[in-house]
Amino acid sequence: MNRRYGNAQTIGDNVTQNTYFMTKQMGDGFLAVLADGTIDSVTGAYAAILACETIAKGFVSLEDADRQLELQFARTAALLNERLYKGRQPRVSALAACFLGNRMFYRNVGDLSLVSYDGRELVIKEEGAGQLDVKGVTTLLCSQGVRQALEEIDIEKLLSGRRHPYEKAQNIIEAVNRRNLKNQRSALAVIVA
């Protein structure tokens, strides 16, 4: 089953873009990974890139997606600790969602949000892991900058309708930019339908 997806991002008031994402088509499955370096620095940007690439490249099998996500998150934490943080608490958030048929398996560590909208109800998942039925659902993976600027009702309106996920993601970031918040964090939206 091929998925439609789209993305958009803004740097906000940051000096360095510290959010990053990757997507990967795997046979009948689809993987989306989002990371936020959480600090406005080159280290934060590198941490986000390293987290996404490690999870996406290490996720090689669609079998036992829950376990694959758990293994890749542990591998990512070890690599971040070894290369960047050297024993200090890592300052990176990561969210990965693997779509298989009408199921989505996810794992989320940090300040990112997984939003599901079925046309009637908006469900927001913060930190944790699990699986959801995604038949007829639009899924948004987003950084804290999106949630900082937009209320749930705004997100619901922007996810509704039949527009392509790319256009919806662009509209979300345009709405974030229109808010013109002081100290706006970088904002990244990845939408999968």
Check: R179 side chain, A149 main-chain N or O, donor-acceptor pair, under 3.5 Å: yes
Surrounding CZ of F73 (heavy atoms of other residues, nucleotides or ligands, distance under 6.0 Å), is the total greater than 12? yes
Given the rule that I, L, V, M, F, W and Y join up when any side-chain heavy atoms are under 4.5 Å apart, are V137 and I191 in one cluster? no
Start with the C-alpha distance between D28 and L100, add both sets of side-chain angles, then the distance that settles side chain to side chain contact (heavy atoms under 4.5 Å, CB included), and finish with yes or no. CA-CA 7 Å; D28 289 339; L100 299 168; 6.0 Å; no
Identify the two heavy atoms, one from F59 and one from A65, that lie closest to each other, and give their separation to 0.1 Å. CE1-O, 4.0 Å
I want to check something: taking the side chain as every heavy atom from C-beta on, are L112 and R147 in contact at a cut-off of under 4.5 Å? no
Backbone of V115 reached by a side-chain donor or acceptor of S113 within 3.5 Å: no
For the residue pair L159 and K168, what are the closest heavy atoms and their distance? O-NZ, 2.7 Å
Report the C-alpha separation of C52 and L34 in whole Å, then their side-chain angles, then the decisive distance to 0.1 Å, and conclude whether the side chain to side chain contact (heavy atoms under 4.5 Å, CB included) test is met. CA-CA 6 Å; C52 284; L34 172 67; 5.6 Å; no
Flag, side chain of Q9 to backbone of S186, donor-acceptor distance under 3.5 Å: no
Flag side-chain contact, heavy atom, 4.5 Å: V123 against E121: yes
Side-chain heavy atoms under 4.5 angstrom apart, residues restricted to Ile, Leu, Val, Met, Phe, Trp, Tyr: same cluster for I55 and F105? yes
Are L132 and L141 connected into the same hydrophobic cluster when the rule is that any two of I, L, V, M, F, W, Y join if their side-chain heavy atoms are below 4.5 Å apart? yes
CD-OH distance between E156 and Y117, expressed to the nearest 0.5 angstrom: 4.0 Å
Any non-hydrogen side-chain atom of Q170 less than 4.5 Å from a side-chain atom of I172? no
R75 and Q72: side-chain donor and acceptor closer than 3.5 Å? yes
Shortest non-hydrogen contact from G37 toward A48: N-CB, 3.8 Å
N-O pairing of D133 and K135 below 4.0 Å: no
Tell me whether D64 contacts the main-chain N or O of Q68 through its side chain, where contact means a donor paired with an acceptor under 3.5 Å. no
How far does CZ of R4 sit from OG1 of T138, to the nearest 0.5 angstrom? 8.0 Å
Compare every heavy atom of Y20 with every heavy atom of L188, then report the nearest pair and how far apart it is. CD2-O, 3.6 Å
Taking the side chain from S160 and the backbone from K157, do they hold a donor-acceptor pair closer than 3.5 Å? yes
Nearest 0.5 Å, please: how far is CG in N171 from CZ in R163? 5.5 Å
Where is the tightest heavy-atom contact between M104 and L114, given as atom of each residue plus distance? CE-CD2, 3.5 Å
Can you list the steps and then say if D66 with Q131 is a side chain to side chain contact (heavy atoms under 4.5 Å, CB included)? CA-CA 8 Å; D66 276 338; Q131 58 180 299; 4.2 Å; yes
So how far is it from Q144 CD to S93 OG, rounded to the nearest 0.5 Å? 7.5 Å
Assigning hydrophobic clusters by single linkage (Ile, Leu, Val, Met, Phe, Trp, Tyr; side-chain heavy-atom cutoff under 4.5 Å), is F21 placed with V146? no
Would you say R3's side chain and Q25's backbone share a donor-acceptor pair under 3.5 angstrom? no
Could you tell me the separation between the OG atom of S116 and the OH atom of Y106, rounded to the nearest 0.5 Å? 8.5 Å
Does the pair L140 and V190 meet the rule for a side chain to side chain contact (heavy atoms under 4.5 Å, CB included), with working shown? CA-CA 6 Å; L140 165 68; V190 177; over 6 Å; no
Nearest heavy-atom contact between A56 and L31 is CA-CD2, 3.9 Å
Residue of the set T10, D36, I49 for which side chain to side chain contact (heavy atoms under 4.5 Å, CB included) holds with T19: D36
L95 CG to K125 NZ distance, which is reported to the nearest 0.5 Å: 12.5 Å
Are any non-hydrogen side-chain atoms of N18 and T43 less than 4.5 angstrom apart? no
Under 3.5 Å donor-acceptor, E127 side chain and G110 backbone: yes
Verify same cluster id: L150, I173 (apolar side-chain graph, 4.5 Å): yes
